[in-house]
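For reference, the structure is listed below as structure tokens.
In what follows, every chain begins at residue 1, and chains take the letters A, B, ... in the order their sequences are listed.
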Amino acid sequence: MPELPEVETIKNSLQPLLKDEMIRKVDVYYPGILRNMGSEEFASTAKDRCIKSVQRRGKYLLITLSDGYTLIIHLKMSGQLVVTSAGEPVRKHTHLIFHLCADKQLRYIDTRKFGMIFLVPDDDWSQTCGLRYLGPEPLEEEFTPKVLADALEERQIGIKAFLLDQSMIAGIGNIYADEILFAAGIDPRRRTRSLNDKEKEQLYCSIRNKLTEGIANRGTTLRDYIDGLGGKGGFQAKLEVYGRKNKLCNRCGNELTGTVCSGRSTVYCPNCQK
DNA sequence: GGAGTTGTTCCGCC
DNA sequence: AGGCGGAACAACTC
């Protein structure tokens with residue numbers, strides 16, 4: 001569930017809380033989350049390292065530790081990363097606790113256990129797991145209208161599949177894909193090659209606008225998503241189509257249509273999206 | 001207790 | 001050969 005705006009919000013909330021904190025001890029309750037080492041190795045490698053920075057790449061969170069190691073975290077559907085005091089009751093589905101200074105803790109909670117955590121040497125973090133295949137960051141300068149237009153021309157797939165493909169653009173998931181297509185006035189069943197120049201430009205603007213709006217509203221909380229302080233997002237109140245199947249379009253009043261595109265639930269307005 | 005949920009990966013096909 | 005589509009998978013909640 002956490003897509004770019006949610007992971008960005010988590011990053012922003014964690015950064016000031018974790019910077020320069022020392023990892024004193026790690027407790028692993030569910031080793032399945034650790035994808036490249038066992039509990040003991042993970043705990044002993046992370047122990048006594050200092051947290052240098054918290055960054056985001058696509059939907060991945062990167063926590064840089066001292067002396068050349070990085071924690072790579074993907075929250076998948078229901079992962080949460082929260083800073084608490086040591087006295088705070090341990091919530092159900094807490095799989096990992098990092099003991100920091102004083103009585104501070106960083107906890108990993110994940111009801112569905114789909115999340116992934118890697119602990120890798122710095123020099124190969126960009127080669128680890130899905131990070132290697134990530135496309136450009138849509139809010140960075142590298143992502144220009146031309147980059148998008150070329151990528152669209154290069155492929156012959158459904159536009160929704162394109163937006164969800166992390167190797168094309170990093171960070172868009174099902175919620176923002178639907179919202180972006182609604183904002184751009186593009187039918188989710190269209191194919192990449194079918195977009196004209198104007199539609200490509202609208203798509204570009206909608207990608208930037210919707211992701212920026214998501215961040216400005218601190219993300220979308222439908223079920224599990226919370227930031228590093230346990231705070232909920234506000235963007236769910238602004239969703240135009242996602243989760244609004246058979247409801248009325250905020251723009252034209254017609255009924256929204258639910259369908260499946262690229263194997264994912266999809267909602268769109270047949271009147272506003274051509 | 002079955003359906004619904006999503007990001008990623010893998011496999012088979014053209 | 002490689003792009004593409006679809007399915008499988010992870011495991012829990014309601």
Whole-Å distance between [N] [atom2] and [X] [atom1]?
X	N	atom1	atom2	answer
A:Met116	C:dC9	CE	P	17 Å
A:Asp165	B:dG7	CG	P	13 Å
A:Glu6	B:dT6	CD	C1'	13 Å
A:Tyr242	B:dT5	OH	P	7 Å
A:Ile169	B:dT8	CD1	P	14 Å
A:Glu3	B:dG7	CD	C1'	10 Å
A:Arg193	C:dG3	CZ	P	12 Å
A:Arg35	B:dT9	CZ	C1'	12 Å

Open item on the list: Could you tell me if A:Lys113 sits above the aromatic ring of A:Tyr30, with its cationic atom closer than 6.0 Å to the ring centre and no more than 45 degrees from the axis?
Closed with: yes
Kindly give the atom pairs (protein nitrogen or oxygen, nucleotide nitrogen or oxygen) under 3.5 Å for nucleotides 11-14 of chain C.
from	atom 1	to	atom 2	distance (Å)
C:dA11	OP1	A:Tyr30	OH	3.2
C:dA11	O4'	A:Arg112	O	2.9
C:dC12	OP1	A:Lys113	NZ	2.8
C:dT13	OP1	A:His93	NE2	2.9

- [ ] Using only side-chain N and O atoms of A:Gln166, determine if any of them is under 4.0 Å from OP1 or OP2 of B:dT8.
- [x] yes
Open item on the list: Does B:dG7 have its OP1 or OP2 closer than 4.0 Å to a side-chain nitrogen or oxygen of A:His74?
Closed with: no
For nucleotides 4-6 of chain C, print each protein N/O atom paired with a nucleotide N/O atom at under 3.5 Å, atom names and distance only.
from	atom 1	to	atom 2	distance (Å)
C:dC4	OP1	A:Gln156	N	2.7
C:dC4	OP2	A:Arg155	NH1	2.3
C:dG5	OP1	A:Arg191	NH1	2.9
C:dG5	OP1	A:Arg191	NH2	2.9

Under-4.0 Å salt bridge between [X] and [Y]:
X	Y	result
A:Asp110	A:Arg112	no
A:Glu213	A:Lys210	yes
A:Lys247	A:Glu255	no
A:Glu240	A:Arg251	no

- [ ] Look at all strands and tell whether A:Ser265 reaches a base, only sugar-phosphate, or nothing, counting heavy atoms closer than 4.0 Å.
- [x] sugar-phosphate
TODO: Over all heavy atoms of both residues, which pair between A:Lys59 and A:Leu4 is shortest? Give the atoms and the distance, please.
DONE: CG-N, 4.3 Å
Open item on the list: With side chain to side chain donor-acceptor pair (under 3.5 Å) as the test, pick out the partner of A:Thr266 among A:Arg189, A:Lys245, A:Lys160.
Closed with: A:Lys160
- [ ] Can you sort out the partners of A:Glu6 under salt bridge (charged side-chain N to carboxylate O under 4.0 Å, His left out), two or more places apart, ordered by chain and number?
- [x] none
TODO: Compute the ring centroids of A:Phe235 and A:Tyr176, then answer whether they are less than 6.0 Å apart.
DONE: yes
